[in-house]
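These notes are about the structure you will find just below.
Residue numbers begin at 1 in each chain, while the letters A, B, ... track the order of the sequences.
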Amino acid sequence: MKRRIEIAEVLKNPTLNESILVKGWVRAFRSNRFIALNDGSTINNIQVVVDFEKFPESLVKNIGFHACLAITGKLVESQGSGQAMEILAEEIEVLGSTNLETYPLQPKAQSMEFLREKAHLRMRTNTFSAVFRIRHAVAFAVNKYFNDKGYYYMHTPIITGSDAEGAGEMFHVTAFETNKAPLDENGEVDYKKDFFGKATNLTVSGQLQAEIGALALGKVYTFGPTFRAEKSNTSRHLAEFWMIEPEIAFADIHDDMDLAEDFSKYLINYILDNYPDDLKILNDRIAKMEQNMKKEERRPMGLIDTLRFVVDNDFERITYTEAINILRSSKPYKKGRFEYEVEWGKDLQSEHERWLVEKKFKKPVIVVDYPKDIKAFYMRMNDDDKTVAAMDVLFPGIGEVIGGSQREERLDFLQKRMAEMDIHEEELWWYTELRKFGGCPHAGFGMGFERMVLFITGMTNIRDVIPFPRTPGSAEF
RNA sequence: GCCUCAAUAGCUCAGUUGGUUAGAGCGGCGGACUGUUAAUCCGUAGGUCCAAGGUUCAAGUCCUUGUUGAGGCGCCA
């Protein structure tokens with residue numbers, strides 16, 4: 001019995017004129033003679049040449065789109081011009097045929113919305129196989145980057161007893177059966193009798209726990225699923241997404257920004273260096289799609305050129321106050337083109353961020369030192385007593401990919417902010433104890449993993465860079 | 001949560017001012033084809049026009065409600 005060789009290996013280290021065994025799915029069957037076979041190990045196919053008269057008609061009939069085949073044959077130099085080598089089929093076994101009268105996928109461009117409804121099949125397409133190979137690679141690069149720099153990967157809880165993380169609506173977790181939860185004397189659900197003895201939720205952020213790690217291990221990061229019950233209906237939000245949250249001791253906001261920029265560039269470079277073929281498929285797909293678009297709707301640069309440009313240039317760094325001033329002296333502001341007001345103390349709207357990133361600077365922008373009133377309680381107060389050491393990294397086409405801050409390490413400042421924002425210290429007693437016992441300056445950020453994958457793959461909807469998207473009203477598969 | 005748009009063949013779409021039997025390309029099916037590269041060529045089948053109600057002599061087309069999807073806003077990552 002011959003051992004199967006993966007197509008990636010065949011193409012990388014070809015053993016010409018030897019008989020080999022490959023297995024995979026049919027991407028195309030042309031001229032009753034040429035099979036393009038793909039096994040997922042690479043975006044590239046191997047061509048199999050079938051002398052159809054040598055095989056029974058019933059077998060040849062089963063070689064349809066996305067049928068699964070095992071093929072033994074001699075690997076030779078190709079006579080055709082589209083590929084370097086090909087396999088002359090000696091034996092063909094149909095492992096799984098496809099009934100094409102009912103199979104929904106077709107060998108042509110189909111809409112992202114349609115394919116999203118076929119999440120169990122869409123990974124077989126060129127676009128999605130490329131996206132999910134790259135998603136894997138970005139995840140690997142995240143771990144490699146931090147490991148190589150001496151960070152420890154820390155697993156923070158998925159179920160949390162704290163509802164004060166302040167990052168959005170939470171999904172409740174309970175072992176009670178619906179409508180059978182015991183009530184207390186006030187008629188409220190008595191969570192003391194629930195599994196954990198208290199009300200619990202799915203985590204919206206691992207940051208507060210990551211701070212525990214940073215203040216013991218020095219440098220840690222979390223990388224895990226995160227849940228937000230916001231009914232966000234946009235191409236940039238998911239109810240279940242993955243977040244990367246490094247947290248570092250003895251670091252200030254500038255170290256934090258340096259890390260965010262270096263880390264982002266590392267991830268992009270890792271894909272540019274290791275997945276050029278998948279990137280090219282995605283690059284060409286976008287170029288083709290944009291052929292029919294008006295010039296002003298097209299991207300200023302192709303996908304690969306955009307990624308190169310981002311890693312080759314410094315991110316723009318401006319303070320929130322500078323951003324406000326730049327916006328107020330901008331053409332669209334003067335001409336009244338912005339829908340929302342630009343005013344110190346108010347958060348930058350999407351349209352403002354987009355103008356700064358896409359029109360003014362044309363590259364990623366880090367905005368730092370936001371007004372304290374629009375930011376979370378744990379962010380470190382600046383000396384001006386008006387702003388906090390918080391930063392957002394904004395990317396073209398996506399907006400906020402990273403949000404971070406230097407954390408408030410001074411107990412009295414922290415307690416004051418918590419009181420102002422009505423956060424009870426009893427609930428976060430362990431968090432304030434980190435300041436009471438051996439605290440130190442520290443900082444960190446959260447990167448939306450899918451948003452980064454969105455940027456690197458050039459996809460336009462976040463639901464298309466996670467295998468099984470969870471959005472309001474949708475939890476199929 | 002708010003706003004806007006859309007839903008017609010398996011897919012992507014066209015369908016004029018409300019007017020005869022709802023069209024195309026791709027895909028499927030049948031056939032041809034021994035160097036194809038989104039193969040090509042010939043033939044063929046395929047429709048609850050999202051759902052319910054309404055206006056009208058007449059509705060794919062107009063109105064109401066609902067469902068689903070997309071986009072924008074807010075929230076954020």
side-chain N/O Arg285(A) vs A38(B) OP1/OP2, d < 4.0 Å: no
Ser235(A), nearest nucleotide to its side chain (from G72(B), A70(B), C11(B)): G72(B)
Sugar-phosphate, base or nothing in reach of Phe114(A), heavy atoms under 4.0 Å: sugar-phosphate
Interatomic distance at C1', G46(B) relative to G23(B), whole Å: 13 Å
Nucleotide of G28(B), G10(B), C73(B) approaching Leu100(A) most closely (side-chain heavy atoms): G28(B)
Distance below 4.0 Å between Asn461(A) side-chain N/O and G71(B) OP1 or OP2: yes
Nearest-Å distance for atom pair CD/P, residues Gln83(A) and A39(B): 13 Å
Distance, nearest 0.5 Å, that separates CD1 of Ile268(A) from CZ of Phe455(A): 5.0 Å
Pairwise C1' distance, G47(B) and A24(B) [rounded to whole Å]: 15 Å
G71(B) phosphate, OP1 or OP2, under 4.0 Å from Arg463(A) side-chain N/O: yes
Gap between atoms CD and C1', on Gln47(A) and U36(B) respectively (whole Å): 7 Å
Residue Glu113(A), side-chain heavy atoms: nucleotide from G69(B), C26(B), U34(B) that is nearest: G69(B)
Pairwise C1' distance for U12(B) and A6(B), with rounding to whole Å: 15 Å
P-based separation of G15(B) from U44(B) [nearest Å]: 27 Å
Whether Tyr320(A) and Tyr370(A) hold their rings parallel, tilted or perpendicular, with breakpoints at 30° and 60°: tilted
Touch class at under 4.0 angstrom, heavy-atom based, for Gln110(A) against every strand present: sugar-phosphate
Ring centre gap for Phe338(A) and His352(A) strictly below 6.0 Å: yes
Backbone N/O of Phe377(A) and side chain of Glu408(A): donor-acceptor pair under 3.5 Å: no
Gap between atoms CG and P, on Asn62(A) and G28(B) respectively (whole Å): 14 Å
Which nucleotide in G1(B), C75(B), U12(B) has an atom nearest any side-chain atom of Ser232(A): C75(B)
Watson-Crick or G-U wobble partner of A59(B), both distances under 3.5 Å: none
Among C76(B), U34(B), G72(B), the one nearest Phe52(A) by side-chain distance: U34(B)
Per Ser31(A) side chain, nearest of listed nucleotides C76(B), A70(B), C33(B): C33(B)
Phe29(A) CZ to U40(B) C1', straight-line distance once rounded to whole Å: 15 Å
Phosphate OP1/OP2 of U34(B) contacted by Arg30(A) side-chain N/O (<4.0 Å): no
Separation of atom CD in Glu339(A) from atom C1' in G74(B), rounded to whole Å: 11 Å
From C11(B), U37(B), A77(B), nucleotide with atom closest to Arg228(A) side chain: A77(B)
Sugar-phosphate only, base, or nothing, as touched by Ile402(A) at under 4.0 Å among non-hydrogen atoms: sugar-phosphate
Nearest-Å distance for atom pair NZ/P, residues Lys61(A) and G28(B): 12 Å
Span that lies between the P atom of U8(B) and that of A51(B), in whole angstrom: 10 Å
Base U36(B) paired with Arg33(A) side chain (donor-acceptor, <3.5 Å): no
Contact under 4.0 Å: Ser111(A) side-chain N or O vs U12(B) OP1/OP2: yes
Flag, side chain of Arg451(A) to backbone of Glu400(A), donor-acceptor distance under 3.5 Å: yes
Note: Glu420(A)-Arg417(A) ion pair, threshold 4.0 Å (strictly below): yes
Among C75(B), C11(B), A70(B), the nucleotide that comes nearest once only the side chain of His237(A) is considered: C75(B)
Sugar-phosphate, base or nothing in reach of Gly446(A), heavy atoms under 4.0 Å: sugar-phosphate
Polar side-chain contact Gln106(A)-G10(B) base: donor and acceptor under 3.5 Å: yes
Between U12(B) (C1') and Met289(A) (CE): distance, integer Å: 15 Å
Strand partner of A9(B), provided both Watson-Crick or wobble distances fall under 3.5 Å: none
Distance test, side-chain N/O of Arg236(A) to OP1/OP2 of C73(B), below 4.0 Å: yes
G1(B) phosphate, OP1 or OP2, under 4.0 Å from Lys231(A) side-chain N/O: yes
Nearest-nucleotide comparison on RNA chain B, the residue closer to the 5′ end among Phe34(A) and Ala28(A): Phe34(A)
Given C76(B), G28(B), G72(B), the nucleotide with the shortest approach to the side chain of Arg451(A): C76(B)
Whole-angstrom distance between U16(B) and C33(B), as gauged at atom C1': 43 Å
Atom C1', compared across G25(B) and U61(B): separation rounded to whole Å: 23 Å
Nearest-angstrom distance, C1' atom, A45(B) to A38(B): 24 Å
Residue Asn233(A), side-chain heavy atoms: nucleotide from U12(B), C73(B), C76(B) that is nearest: C73(B)
Nucleotide A77(B), atom P - distance to CD1 of Ile466(A) in whole Å: 17 Å
Any Thr234(A) side-chain N or O less than 4.0 Å from OP1/OP2 of C75(B): no
Parallel, tilted or perpendicular: ring planes of Tyr145(A) versus Phe263(A), cut at 30 and 60 degrees: tilted
Sugar-phosphate, base or nothing in reach of Glu101(A), heavy atoms under 4.0 Å: sugar-phosphate
Residues Asp464(A), Arg122(A): salt bridge by 4.0 Å N-O rule: yes
Comparing Glu353(A) and Asn32(A) on RNA chain B - which has the more 5′ nearest nucleotide: Asn32(A)
Sugar-phosphate only, base, or nothing, as touched by Phe449(A) at under 4.0 Å among non-hydrogen atoms: nothing
Heavy-atom pair with the smallest gap, counting every atom of Gly404(A) and Asp256(A): C-OD2, 4.0 Å
Partner nucleotide of U44(B) by Watson-Crick or wobble geometry (both distances under 3.5 Å): G28(B)
Arg407(A)/Glu247(A) salt bridge by N-O under 4.0 Å criterion: yes
For G1(B), the Watson-Crick or wobble partner whose two distances fall under 3.5 Å: C73(B)
